[in-house]
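For this chain, numbers begin at 1 and follow the sequence in order. In what follows, every heavy atom counts, from backbone to side chain, and hydrogens, waters and symmetry copies are set aside.
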Amino acid sequence: MALELIVNLILLFGCIGFFVNVSTTMPHSAVNELGAEQWPQAILILLILAIGYNLFKYFRNNRREDIAAAFRDFIPSVGRLLKSKLFTGMVLVVVMALMYEPVGFIVTCLLFLIAYGLLLGQRNIPVLLLSSVLITVILYIGFSVMLGVMLPRGQFLPLRNFALFIESLVPRF
């Protein structure tokens, strides 16, 4: 409960800081057009309002005594968070993001789906492997072939050659 309040406050101040940064660093567009600075500002305003509403609900639903007790239990609750599947899933997403460019989309997506399936409790390995390969192929075809998005092939030569081989198997529209 205390962690929820701390994260909300960090997000609120971060969004306000980003709003100020966009307002001061981006070139201003004409009055009668939507410029590049106005879209991030609009999204940040919506985020600030949503976080403000979340903070309002937090203080409306929790008594002062409960909030104080939550702050006394803060360190053990962080320990419980670090041991949870939620935190492990967040670490997997960060590792995937770091692997994306050097390893390439195909291998990263496949490894991520296998690891996340194991995290969620899938113990039938053939089903897990088949579904991971199928989802990777669907994502690759959807983004690369149909939408024309250039997906990373990887920076390591064997992985890059593997990605190029896979790309040669898929026809272009």
Side-chain angles (χ1 to χ4, degrees), residues 1-64 66-68 70-71 73-75 77-113 115-116 119-120 135-136 138-156 159-160 163 167 172-173:
M1 185 157 76
L3 192 59
E4 178 185 356
L5 178 61
I6 292 169
V7 168
N8 275 302
L9 290 173
I10 290 170
L11 287 173
L12 180 66
F13 290 121
C15 287
I16 291 170
F18 290 139
F19 184 85
V20 170
N21 184 29
V22 168
S23 300
T24 57
T25 59
M26 296 284 291
H28 295 287
S29 57
V31 177
N32 58 351
E33 70 180 13
L34 289 175
E37 82 281 0
Q38 292 169 338
W39 291 108
Q41 288 175 333
I43 292 170
L44 286 167
I45 287 172
L46 290 175
L47 281 170
I48 290 169
L49 291 174
I51 294 168
Y53 176 70
N54 201 25
L55 285 169
F56 170 75
K57 279 187 4 185
Y58 178 85
F59 285 113
R60 187 186 67 197
N61 294 338
N62 298 310
R63 298 185 329 243
R64 285 185 187 216
D66 296 337
I67 295 172
F71 274 98
D73 186 46
F74 178 70
I75 299 299
S77 69
V78 170
R80 288 189 301 271
L81 173 69
L82 294 177
K83 294 177 186 174
S84 70
K85 284 186 177 182
L86 173 67
F87 184 75
T88 306
M90 290 187 292
V91 169
L92 279 174
V93 170
V94 170
V95 168
M96 183 189 88
L98 293 174
M99 286 176 50
Y100 192 63
E101 282 293 326
V103 176
F105 171 78
I106 294 172
V107 176
T108 302
C109 185
L110 188 62
L111 292 176
F112 174 76
L113 289 171
Y116 217 85
L119 176 68
L120 294 177
I135 292 170
T136 301
I138 290 170
L139 287 173
Y140 175 77
I141 291 172
F143 281 100
S144 182
V145 176
M146 299 179 108
L147 295 175
V149 175
M150 194 69 180
L151 297 172
R153 295 178 177 133
Q155 296 170 351
F156 301 116
L159 296 174
R160 184 173 182 78
E167 286 179 16
R172 299 282 175 191
F173 293 109

- Message: For a side-chain contact (heavy atoms from CB on, under 4.5 Å) check, start with the C-alpha distance between Phe112 and Thr136, then their side-chain angles and the critical distance, and finish with the verdict.
- Response: CA-CA 10 Å; Phe112 174 76; Thr136 301; over 6 Å; no
- Quick one: do Phe18 and Leu47 satisfy side-chain contact (heavy atoms from CB on, under 4.5 Å)? Show the steps, please. CA-CA 11 Å; Phe18 290 139; Leu47 281 170; over 6 Å; no
- Item | Sequence neighbours excluded - side chain to side chain donor-acceptor pair (under 3.5 Å) pairs with any residue from residues 42-57 | Asn8-Asn54
- Task: Calculate, to the nearest 0.5 Å, the distance between atoms CG and CD belonging to Asn62 and Glu4 respectively.
- Result: 7.5 Å
- Message: I need the Leu113 CG to Ile135 CD1 distance, nearest 0.5 Å.
- Response: 5.5 Å
- Message: The test is side-chain contact (heavy atoms from CB on, under 4.5 Å); show your working for Leu5 and Phe59 and say whether it passes.
- Response: CA-CA 9 Å; Leu5 178 61; Phe59 285 113; 3.8 Å; yes
- Query: Would you find more than 12 non-hydrogen atoms of other residues, nucleotides or ligands less than 6.0 Å from Arg64 atom CZ?
  - Reply: no
- Message: Testing the basics here: between Ala115 and Leu92, what is the closest heavy-atom pair and its distance to 0.1 Å?
- Response: CB-CD2, 3.8 Å
- Query: Between CH2 of Trp39 and CG of Leu44, what distance do you get to the nearest 0.5 Å?
  - Reply: 13.5 Å
- Task: Give the minimum heavy-atom separation between Ile106 and Ala163, together with the two atoms involved.
- Result: CD1-CA, 4.3 Å
- Hey, could you give me the CG/CD1 distance between Leu11 and Ile16, rounded to the nearest 0.5 Å? 11.0 Å
- Task: Please answer whether the main-chain N or O of Ile141 pairs with a side-chain N or O of Ser144 as donor and acceptor at a distance below 3.5 Å.
- Result: no
- Side chains of Phe87 and Val78 in contact at under 4.5 Å (non-hydrogen atoms): no
- Query: Has Phe143 got more than 12 heavy atoms of other residues, nucleotides or ligands less than 6.0 Å from its CZ?
  - Reply: no
- What pairs of residues pass the side chain to side chain donor-acceptor pair (under 3.5 Å) test when at least one of them lies in residues 80-109, not counting sequence neighbours? Asp73-Arg80
- Which heavy atom in Ile48 sits nearest to a heavy atom in Cys15, and how many Å separate them? CG1-CB, 3.7 Å
